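Take a look at the structure set out below.
Computed from heavy atoms alone, side chains included, the values below leave out hydrogens, waters and symmetry copies. Please read all numbers here as calculations on a predicted model, not as lab measurements. Atoms within each ligand, like the ligands themselves, are counted from 1 in listed order.
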Amino acid sequence: MTPSAAPVTGEPEPSLTSAAIEHKLAEDHHHGNGFSNGNSSALPLEYHELDASKLTYSLTDRSRDVPPLGVSDINGETICTDHMITAAWSAKGGWEAPELKPYGPLALMPTASVLHYATECFEGLKAYRGFDGKLRLFRPDCNCARMLMSSVRISLPSFPPEELEKLILALMAIDGAKWLPRDRPGSFIYLRPTMIGTQSALGVQAPSKALLYIIASYMPSMDAPNGGLRLHTSPDDMVRAWVGGFGYAKVGANYGPSLLATQEARSRGFGQILWLYGEKGLCTEAGASNFFVVWKTPEGKMQMVTAPLDDRLILDGVTRRSVLSLAREHLGDEVEIVERKYTIDEVVQADADGRLLESFAAGTAYFVCPISLIHHRGRDVRISMGKAGEGGPITLKLKGLLKDIMYGNMDHAWGVVVQ
Ligand SMILES: *Cc1c(COP(=O)(O)O)cnc(C)c1O
């Protein structure tokens, strides 16, 4: 664009604002394919879309043993299943045929984009072995749509999200039966679709090569820590994400820098950081989970409150979304469900007034995890863990509903059966 073409009205140029991501997604949608890293009016003729039906299979001849129930790592290394799926992308040719192959190391040049500029995004979802013997995913379409959004946010290629979902199902169709055996109902495996920029070039630019891969691993259950989850509020001089940033995208760049505070909190006996934002100390997220409180308003009305999505500060969690929708459906008469900005001072005040009833973290990893304590600026806010010490009644009700869907006790469109 020549300087004279710049708008003189003071209106932002769409391609340079945060709205760029919407334009890219709309553009890709319009062209019916996933070319996102170039001028879409000049699509290469040989561009191929990600196509799960082209998946090739090379099965391992060194099948490993399934670990005992509850073991998820060996000497700190996550245990993964026998296979993984990879798909390579280049700006010139698009997506190569995806491959299912033995789980193992990746080969990257030390100059690979991801290793320098954090061109990485990921997803996390679980496969659940139901009490009816079936294997299910929970709302995988939501994860695949979010992966596309995250990918486009960091100039990695787009793809049809339903093709990613088919690939996830294909990996589980091969590894699910062995690694999540039928005699372990109520157990799960953690799926990690990942995309990285692989172009071997040190220039700071959108990578012209990328790799999508999907691995399946074990993960400990984290939803019922002894005595409840203990949170420490973030230090005054540190934020996890900011308005105008990328806290809403599941990109690796959001997590590394948060570990310093998390590590410090752990050494003081806390499980996670409650990330506050801004001068007023807005409550945003608990570690990599969405954060909820249940309180009575000063007027005496029961409310369940969580931070809103509108300023793109927090991650639009699938668990968060599901909790909100189940709460509206099942608890709407007793509890008002509110997505709004609220501060740590409001939480502290509710505690001081005896109005703070419950709190929980919600996310795939932590599931629905009751919070028993929030430490803020030298002060402990203690929260009831309910009669049995496993969480308050609203927390447990929502957790139970989700569990029933995930493990097949309740037939529900959110539970997608792996064939
Ligand atoms: C993944 C994640 C969540 C939880 O999202 P789910 O889709 O429920 O797993 C919440 N916050 C952050 C920062 C996350 O990375």
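Sequence neighbours left out, the pairs with a member in residues 263-279 that pass salt bridge (charged side-chain N to carboxylate O under 4.0 Å, His left out) are Glu264-Arg268. Counting only residues at least two apart or on different chains, the side chain to side chain donor-acceptor pair (under 3.5 Å) pairs with a member in residues 98-115 are Thr86-Lys101, Ser113-Thr119.
Side-chain atoms of Asp345 and Gln349 include no donor-acceptor pair closer than 3.5 Å.
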Using atom types as modelled, flag every donor-acceptor pair under 3.5 Å from a side chain in residues 238-248 to any protein atom, sequence neighbours excluded.
| unit_1 | atom_1 | unit_2 | atom_2 | d |
| --- | --- | --- | --- | --- |
| Arg240 | NH2 | Gly247 | O | 3.0 |
| Arg240 | NH2 | Glu285 | OE2 | 3.2 |
| Tyr248 | OH | Arg153 | NE | 3.1 |

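Comment: Asp82 engages Lys178 in a salt bridge, judged by a side-chain N to carboxylate O separation of less than 4.0 angstrom.
Sorted by chain and number, the heavy-atom contacts of ligand 1 below 4.0 Å come from Arg146, Arg240, Lys250, Tyr255, Glu285, Ala288, Ser289, Asn290, Leu315, Gly317, Val318, Thr319, Gly363, Thr364.
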(request) Take Val417 and Leu135 through the side-chain contact (heavy atoms from CB on, under 4.5 Å) test and state the conclusion after the steps. (result) CA-CA 6 Å; Val417 174; Leu135 193 62; over 6 Å; no

